[in-house]
Amino acid sequence: MLRVTSSHKYRAWTLSPPTTTPLPLRRVLTMSIREIQTNPFDGQKPGTSGLRKRVKVFQQQNYTENFIQAIFDSIDAKGQTLVIGGDGRYFSPETVQTILKIGSANGVAKFIVGQDAILSTPAASNVIRKYKAYGGILLTASHNPGGPDKDFGIKYNVSNGGPAPENVTDKIYEKTKTISSYKIIEAPPVDLSKIGDTTYGPSAVSIIDSVADYVELLESIFDFALIKSFLSSHKDDFGVLFDGLHGVTGPYAKALFVKVLGLPESSIQNCVPLPDFGNGHPDPNLTYAHSLVEVVEKNNIVFGAASDGDGDRNMIYGKGAFVTPSDSVAIIAHWADVIPYFKKGGVKGLARSMPTSKAIDLVAKKKGFEYFEVPTGWKFFGNLMDAGRLSICGEESFGTGSDHIREKDGLWAVMAWLNILAAANKDSSKLIGINDLLLTHYKTYGRSFFSRYDYEEVPSSGAQALVDNLNAALTSKSLNNTTHTSASTGTSFTVAELYNFAYTDPIDKSVSKNQGQVIVFSDGSRVVFRLSGTGSQGATVRMYVERYVAPDAGEAELKRDTAEGLKGLIEVALELSKLKEFLGVDKPTVIT
Ligand code: VG1
Ligand code: CO
């Protein structure tokens with residue numbers, strides 16, 4: 001039961017009709033604001049990308065309300081416009097109504113909401129920017145599974161369209177620790193399925209088409225005419241398949257691939273968003289996007305791609321060809337000038353998250369671009385973009401994007417690849433595919449073999465012990481100059497340096513410490529250990545390994561299988577971190 005602290009907090013609202021054109025769906029005219037007493041919940045700390053917990057946790061009485069009120073207590077949204085979007089996962093429609101009620105009580109003037117609570121993360125970023133909103137609340141746990149027993153998430157984005165920076169998320173967390181009440185209006189639910197404007201208590205609500213603005217944005221970036229003519233002249237030897245994994249990108253992909261590019265319906269699959277993602281794991285990697293991999297292999301599809309639950313990740317995968325995200329962003333950076341957006345605006349700078357391979361650094365060096373290494377999480381790219389110093393960036397976790405918005409963008413990356421392949425094939429008599437582009441790139445820049453091992457939902461104590469042990473070696477320098485030899489390959493690696501990554505934002509000088517333990521070897525190879533900030537239960541340890549091979553290593557070496565190329569280094573990394581001992585597990589949950 002809701003408890004009202006005192007009756008004088010009731011306030012009647014009588015709305016005067018809008019002064020301009022009457023809104024078509026005006027319905028709620030009188031409402032009252034109530035103040036409900038509540039108690040703080042532990043652990044409402046936003047992680048790498050918002051607050052993510054099990055749905056059951058969010059369903060506890062006042063849990064979601066507290067967090068939403070904490071957002072409003074940390075920002076000044078009075079009289080402002082706020083965007084609400086998300087991947088449509090289980091518990092989203094209810095939460096949209098909660099945000100409308102609490103947001104309205106906190107003085108939000110206007111809400112822009114994606115139809116059926118759907119706006120992909122990149123589309124929401126675009127809508128915030130395009131309509132000059134104050135910020136947005138995104139209901140998503142991204143690639144985490146959805147459904148009554150799975151995950152939900154709430155993320156706040158600021159006016160540049162990007163995830164709130166740490167000073168804002170820290171403030172929200174502080175508020176959640178002391179919250180004693182939240183404000184709410186009593187109002188009937190808004191029909192999220194009907195596009196149009198309505199008044200809602202003291203506020204206005206605008207339900208918008210989830211797809212239109214985003215398609216228009218991509219049309220302004222890529223050479224669609226070139227892509228279209230390339231695809232139509234290669235109907236027989238260049239099959240395309242996009243897999244939405246039942247996440248939010250379905251309707252966007254349908255608009256782009258079928259309507260705009262004129263590809264057959266069979267070029268998209270799993271493109272109806274489902275609240276539980278069809279009971280799948282909407283994460284575009286070789287393990288979870290098996291629905292894509294199987295069909296691509298079976299039907300000899302040259303160009304396949306998939307996206308995650310909220311549409312900000314991507315995987316590029318063609319028949320016998322897998323592009324690591326670290327290579328993908330480097331290749332897009334190398335080919336940038338075939339993309340009209342960069343041809344016109346130029347490339348201002350490049351960046352990657354710390355664990356991402358250094359492939360993009362090599363492109364920056366060769367082309368004379370400024371480049372940056374930031375901590376994990378897209379929020380760190382925003383300041384650089386706003387300052388006009390960053391155009392293209394990426395993360396090893398299947399995140400690629402540019403300064404067209406302030407989130408990573410799955411379908412943008414897919415279109416970038418199609419644009420590049422269309423341009424590469426322009427004057428070629430033989431079809432140039434994904435592997436041809438990769439090899440040419442390696443022959444120019446060398447190859448950074450890269451892989452990530454995830455140990456999901458391990459005991460937090462074991463994860464902490466692993467980190468503590470590395471920190472101890474860091475302080476005592478006990479690992480420095482030690483040489484480790486892989487038993488199976490016989491390769492030796494000597495530790496040159498061990499450090500804990502910290503970042504000072506070049507624009508606002510804010511400092512983010514403790515971003516992962518990095519072991520650098522004398523041959524330039526790297527191993528990074530990091531605790532995940534997006535897991536919803538227990539701890540997840542990530543181990544990232546990278547080994548560079550120079551362009552002149554020879555074709556056989558450059559084309560080697562990733563697992564082969566990294567075998568020795570992985571063995572050494574596991575041995576010197578004592579990972580298996582600390583975590584009590586033998587094998588990673590996922591290898592990407
Ligand atoms: C993971 C990835 C990180 C990414 C984040 C959000 O974070 O490693 O690169 O930015 O997910 O992506 P972590 O802290 O679990 O390693 V998404 O698509 O979940 O918004
Ligand atoms: Co995502």
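Just so we're clear, the structure is a prediction, and the values are computed from it rather than from any experiment. Numbers for residues simply follow the sequence, beginning at 1. Note that ligands are numbered from 1 as they come in the structure, with each ligand's atoms numbered from 1 the same way.
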- Under 4.0 Å from ligand 1, counting heavy atoms only, is it the side chain of Ser397, its backbone, both or neither? side chain
- Going by the order shown, which atoms of ligand 1 are within less than 4.0 Å of some heavy atom of Ser142? 17 (V), 18 (O), 19 (O), 20 (O)
- Item | Considering only N, O or S atoms of Asp312, the one closest to the Co ion (ligand 2) | OD1
- Query: Can you check whether His246 and Phe277 have ring centres sitting under 6.0 Å from each other?
  - Reply: no
- May I ask you to decide if the ring planes of Phe58 and Tyr63 are parallel, tilted or perpendicular, using 30° and 60° as cut-offs? perpendicular
- Task: Identify, by atom number and element, the atoms of ligand 1 in contact range of Thr376, meaning under 4.0 Å from any of its heavy atoms.
- Result: 3 (C), 8 (O), 9 (O)
- Item | Under 3.5 Å side-chain donor-acceptor pair for Ser510 and Asp505 | no
- Mark the output for Glu407 as yes if a heavy-atom distance to ligand 1 is under 4.0 Å, and as no if none is. no
- Can you tell me the N, O or S atom of Asp310 that's nearest the Co ion (ligand 2)? OD1
- Aromatic ring proximity Tyr214/Tyr252, centre distance under 6.0 Å: yes
- Task: Measure from atom 4 (C) of ligand 1 to every heavy atom in Glu395, Arg542, Arg530 and give the option owning the shortest one.
- Result: Glu395
- Query: Using heavy atoms and a threshold below 4.0 Å, how should the contact between Arg452 and ligand 1 be classified: side chain, backbone, both, or neither?
  - Reply: side chain
- Query: Going by distance only, is there an N or O of Arg313 that falls short of 3.5 Å from an N or O of ligand 1?
  - Reply: yes
- Enumerate the atoms of ligand 1 whose separation from the nearest heavy atom of Gly377 is less than 4.0 angstrom. 10 (O)
- Message: Using a 6.0 Å cut-off, check whether atom NZ of Lys130 has over 12 heavy atoms from anything other than its own residue.
- Response: yes
- Using a 4.0 Å heavy-atom threshold (strictly under), name the region of Lys379 that reaches ligand 1: side chain, backbone, both or neither. neither
- Message: Quick check: Asp308 and ligand 1, any N/O pair under 3.5 Å apart?
- Response: yes
- Message: Angle between ring planes, Tyr453 versus Tyr455, binned at 30° and 60°: parallel, tilted or perpendicular?
- Response: tilted
- Between Glu395 and Arg530, is there a salt bridge with N-O shorter than 4.0 Å? no
- Under 30°, 30 to 60°, or over 60°: which ring-plane class applies to Phe91 and Phe152, parallel, tilted or perpendicular? perpendicular
- Task: State the atom name: nearest N, O or S atom of Asp308 to the Co ion (ligand 2).
- Result: OD2
- Query: Are His441 and Tyr445 close enough that their ring centres sit under 6.0 Å apart?
  - Reply: yes
- Message: With nothing but distance in play, are any N or O atoms of Lys408 less than 3.5 Å from an N or O of ligand 1?
- Response: yes
- Query: From the Co ion (ligand 2) out to just under 2.8 Å, does an N/O/S atom of Thr140 turn up?
  - Reply: no
